[in-house]
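Structure first, commentary second.
Here the structure is a predicted model, which is why all the values come from computation and not from measurement. We use all heavy atoms of the structure for the numbers below, so side chains are in, but hydrogens, waters and symmetry mates are not. Here is how names work: the chains are called A, B, and so on, in the same order as the sequence lines, proteins then strands, and each is numbered from 1.
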Number of protein chains: 2
Amino acid sequence: MSGILQALREQQHHMNPKEQILAQFILEHAHEAVHLSITELAGRSGTSAATVSRFCRSLLFKSYGDFRMKLAAELVQPVSAKPSYQDIVAGNTLHSIAQAIETNHLRSISDTTRQLDLTEVQRAVDALHDARRIDLYGMATSGMVAYDCQQKLVRIGKMAQHWADSHMQITSATSLGEGDVAFAFSYSGETPETLDALLCAKERGATTISLTKFGANRISQLADIRLYASSLEEGMRRGDMASRIAQLHVVDILFTALLSLHFDDYVPLLEQSFQEVKKYRKEKGR
Amino acid sequence: MSGILQALREQQHHMNPKEQILAQFILEHAHEAVHLSITELAGRSGTSAATVSRFCRSLLFKSYGDFRMKLAAELVQPVSAKPSYQDIVAGNTLHSIAQAIETNHLRSISDTTRQLDLTEVQRAVDALHDARRIDLYGMATSGMVAYDCQQKLVRIGKMAQHWADSHMQITSATSLGEGDVAFAFSYSGETPETLDALLCAKERGATTISLTKFGANRISQLADIRLYASSLEEGMRRGDMASRIAQLHVVDILFTALLSLHFDDYVPLLEQSFQEVKKYRKEKGR
DNA sequence: GATGAAGAAGAAAATAATTTTCATCATTTT
DNA sequence: AAAATGATGAAAATTATTTTCTTCTTCATC
């Protein structure tokens, strides 16, 4: 079980009463729900159309239609087609560990791709392309993803910075402005340091992009452009491993799209930086 | 190819002119089409909303919405149906880019798992567990992997260091000795800076581990314990993206194995570090 | 070649669906 | 207990979709 239904299950208990009822109905009758109009769904679940509409948008879908389509896409994949996420416990054999991690990573990549909103990707690509300066925020594991993204952007001549230090993140955010981009990475979407930096950047007029786990969270709520990476089930140990892979996967798609859409601008730079590294080594006597 | 798209292709030539145009557009931009409203689709395909509506109903769908949902469901392919590695060129659509990267990453993870030598993994786990100090070497993209590995090791109380700076790598390697571990990450297996550091560590008596692409290469030749991550086909552009994912995958397996085999030693530490981060934040007033 | 029948297609009207606004009610805070 | 906050549904506004109606084209027949 993954994605939308998973997010519903996790967030159900933090919802308003009627929204909980609605979430419960959808969880129990998902296959039926996707065929219902908003009014029908409201009727069947004992709520109102207004509540359903608000519900979808509070889960950060663009509309009820958007929600319904993404749910439908999620439901077509028969559960049997792919093994689901597996947790890791003490005393497993090496083989079962490798197997479980493989399953988690594969799943997390395909879930992420499936739920990727290409319109948002396009917007992110455009924002990055047009950006004067790019700031990347992320702590711990997500800091790594931010760093990876920075490396890629620098290689194509973008002015991109990542600060592992949370004070420097804020300091840097303070000097952003219109035409700049602030890109926040956070598995939970609630990391305070990352949130602060993004908020600061937004207040200065920078375009904000978020890459968080699926579902409503404070960081993506703040962002102009919202990207999501699949999350493991709540309570799963070390969910950040799969999440980090999924986030990198999204970064790869972004970067490749950026390259592909502006091939002539960037590819020569990339080639050049590769050659220069080689040349520099030769000069040192290799 | 199946269902709706197949039907469109077959029936296309028995349709009215505008419907043919519409069918053609949908066949060419299926993934885009499912995100469009009836008016948008009509606009993009050079027809009218009325035509689109009639088109859907003449194909025996209940409504445009019904058509759109079923098409969306059809476009989600099961993992098994995905092709092998794909290269990325200029001017691809976002969808094909996302698809290609997904395919590469999925493939690279399963290849890596399949070819993983669990005996070597076991040896690496033991070496890491027994290590007094662990040095991690890697440049650029592989530096990220090294950094990720360091983060994990530190969280379970290991003395692990990663230096992005090649001079510091050597400096640090110089002070290693028997009972220490030097772990080299390199996509190509030929990165001179990483090779130098590993060589230096080996000469001082440290146990050496390598994580490189498959096949003979100087770094793995030097290492006592050899791990491999799948590489994309030769000549593939930007193979380091998939390779990095594969390397992280191996790191995850290593780390999880380490945890699982010494559960009682490490898991409390991990739990503790997690709680401390939370507590520290609270004290700052959150 | 003119005439009319049949059907294709878009404009506009009608209908339906969705979102937003607004008023009400319940709950919590002061 | 009063005020403030927030949840909710009714209704209004907006938006999307379908149907109707009209025009235009094509093709068969005279």
Whole-Å distance, B:M69 CE to D:dT17 P, equals 13 Å
Nearest whole Å is fine: how far is C:dA11 P from B:R54 CZ? 12 Å
Between D:dT8 (P) and A:L22 (CG): distance, integer Å: 10 Å
Once you measure the plane-to-plane angle for B:F67 and B:F55, does it fall in the parallel (<30°), tilted (30-60°) or perpendicular (>60°) bin? perpendicular
Please answer whether the main-chain N or O of A:A49 pairs with a side-chain N or O of A:S53 as donor and acceptor at a distance below 3.5 Å. no
Using distance alone, with no hydrogens and no angle criterion, decide if B:Q20 and B:Q24 have a side-chain donor and acceptor under 3.5 Å apart. no
B:S48 side-chain proximity, nearest of C:dG10, D:dG9, C:dA17: C:dG10
Between A:K62 (NZ) and C:dT19 (C1'), how many Å, whole number? 16 Å
A:F61 has an atom CZ; how far is it from atom P of C:dT18, in whole Å? 15 Å
Closest of D:dT18, C:dG10, C:dT19 to the B:I38 side chain is D:dT18
Surrounding CD of A:E28 (heavy atoms of other residues, nucleotides or ligands, distance under 6.0 Å), is the total greater than 12? yes
Compare side-chain N and O positions of A:N16 against OP1 and OP2 of D:dT8 and report whether any pair is under 4.0 Å apart. yes
Heavy atoms under 4.0 Å, any strand shown: does A:T51 hit a base, just sugar-phosphate, or nothing? sugar-phosphate
Parallel, tilted or perpendicular, as decided by the 30° and 60° cut-offs, for the rings of A:H162 and A:Y147: tilted
What is the distance from OH of B:Y64 to C1' of C:dA16, rounded to the nearest Å? 16 Å
Earlier contact from the 5' end, DNA chain C, for A:A49 and B:A50: B:A50
Please report, rounded to the nearest Å, how far the C1' atom of D:dA7 is from the CZ atom of A:F55. 15 Å
Describe the nucleic acid contact of A:R57 in one word from base, sugar-phosphate, nothing, applying a heavy-atom distance below 4.0 Å. sugar-phosphate
With the side chain defined as heavy atoms from C-beta on, A:S53 is closest, among D:dT17, C:dT19, C:dA17, to C:dT19
Nearest whole angstrom, please: distance from the C1' of C:dG7 to the NZ of B:K18. 16 Å
